[in-house]
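Below is one structure, written out as structure tokens, with a few remarks after it.
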There are 2 protein chains.
Amino acid sequence: MFSKTCRYGIRAVLFLALNGKGAKRFSPDTIAEALEVPRYFLAKILLQLSRGGLVSSAKGRGGGFYLSEENLARPVIDIILELEGKEFFKGCVLGLKRCSSAKPCPMHFQAIPLRDGLKFQLENQTIRELSNGLNPIQILND
Amino acid sequence: MFSKTCRYGIRAVLFLALNGKGAKRFSPDTIAEALEVPRYFLAKILLQLSRGGLVSSAKGRGGGFYLSEENLARPVIDIILELEGKEFFKGCVLGLKRCSSAKPCPMHFQAIPLRDGLKFQLENQTIRELSNGLNPIQILND
DNA sequence: TTATATAAAGACGTTTTTGTCTTTTAATAA
DNA sequence: TTATTAAAAGACAAAAACGTCTTTATATAA
Ligand code: FES
Ligand code: FES
């Protein structure tokens with residue numbers, strides 16, 4: 001479904017949402033240890049998310065990653081588009097050049113409504129909303 | 001969504017379903033040219049499908065790939081399970097060790113119903129059914 | 001029996017994804 | 001100002017996915 005990059009990224013963002021009360025900052029190492037994911041790899045993902053405006057960061061002593069109000073107000077889908085690419089929810093599931101109900105491939109009407117359904121949900125839910133009422137253990141590996 | 005292996009494989013199976021009236025056989029080259037996919041790569045995919053009992057083949061002069069009655073009666077999902085692996089429709093979309101509604105990850109209730117919906121459709125549709133009423137151009141690239 | 005056509009097997013190469021490590025830049029505390 | 005801390009940048013490497021090619025086995029036709 002999602003790449004490891006994307007899976008780690010979503011969980012890291014939610015980790016920040018759940019633990020960041022009071023302007024706390026977190027290093028990639030701290031997050032990676034909590035989520036049990038490769039630390040250097042996660043550091044790169046956080047950097048990419050930072051470039052995409054999905055997370056905020058501060059350099060130097062006392063610095064680290066965190067979520068600003070703006071970050072929290074972003075729709076969840078933006079995490080996925082940033083890490084999987086802008087085309088993730090576009091195009092034919094069988095890889096054909098065009099995708100339309102006018103000339104549908106054999107799987108079009110089975111797959112596209114479901115994909116569009118997920119897309120709609122993620123477009124209309126902010127990171128804050130997704131993290132609300134979430135138990136911190138829900139992003140942990142066991 | 002699907003890997004290239006899986007996308008090429010599904011289209012190749014449907015090519016055989018649509019063109020195989022009258023016990024015709026097709027070489028990987030013929031199929032690859034029609035579908036505009038890499039021929040040697042497709043040959044490997046067809047071999048894997050053959051091992052999985054999704055397509056049939058005959059060696060030697062006049063041989064090639066085709067679909068038997070048994071092949072046509074297989075559910076569409078088996079193509080995907082063969083080429084993506086048996087775990088494709090299983091497990092947590094965020095990669096967590098366990099997936100259950102008892103301890104759901106943040107995306108569980110958004111993603112799992114949709115995935116299960118697609119799974120159910122593909123389990124309950126045979127290759128023959130999927131190919132019925134299909135226009136051959138629907139598996140072509142343009 | 002011989003030539004030919006074809007799948008099967010397997011070696012090899014390229015690209016993308018995933019993962020690791022070191023060096024540089026910048027912010028803060030003392 | 002100096003030491004320390006932490007993100008940013010970038011080099012490197014392993015694994016998986018994607019793709020190509022050659023050789024071998026086998027069935028059919030002549
Ligand atoms: S044409 Fe293939 S998914 Fe729409
Ligand atoms: S727990 Fe993640 S999808 Fe079910």
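Since we're looking at a predicted model, the values are computed, not measured. Chain identifiers are assigned alphabetically (A, B, ...) following the order of the sequence lines, protein sequences preceding nucleic acid strands; residue numbering begins at 1 within each chain.
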Strand-adjacent residues in residues 9-28 of chain A, judged by heavy atoms under 4.0 Å from DNA chain C: none
Contacts of A:K97 that satisfy salt bridge (charged side-chain N to carboxylate O under 4.0 Å, His left out) - sequence neighbours left out: B:D142
All salt bridge (charged side-chain N to carboxylate O under 4.0 Å, His left out) counterparts of A:E84, not counting sequence neighbours: none
Transitive ILVMFWY side-chain link B:L47 to B:L35, under 4.5 Å: no
hydrophobic_cluster_shared for B:L42 and B:Y66, side chain cutoff 4.5 Å: no
Salt bridge B:E82-B:R51, side-chain N to carboxylate O under 4.0 Å: no
Phosphate-side-chain proximity, B:R51 and C:dA7, N/O vs OP1/OP2 below 4.0 Å: no
Residue pair B:V55, B:L67: steps toward the side-chain contact (heavy atoms from CB on, under 4.5 Å) verdict: CA-CA 5 Å; B:V55 304; B:L67 300 185; 3.7 Å; yes
Segment of DNA chain D, first to last nucleotide, that comes within the 4.0 Å heavy-atom reach of chain A: D:dT4 to D:dA11
Within residues 8-35 of chain A or reaching into it, pairs that qualify as salt bridge (Lys or Arg N to Asp or Glu O under 4.0 Å) - sequence neighbours excluded: A:D29-A:R39
Sugar-phosphate, base or nothing in reach of A:A58, heavy atoms under 4.0 Å: sugar-phosphate
Under 4.0 Å protein heavy-atom contact, by nucleotide of nucleotides 14-25 of chain C - B base, S sugar-phosphate only: ----SBBBB--B
Flag side-chain contact, heavy atom, 4.5 Å: A:I10 against A:L83: no
Beyond-backbone contact of A:L114 with A:L118, side-chain heavy atoms, under 4.5 angstrom: no
For A:A111 against A:V93, the heavy-atom pair lying closest together: CB-CG1, 3.9 Å
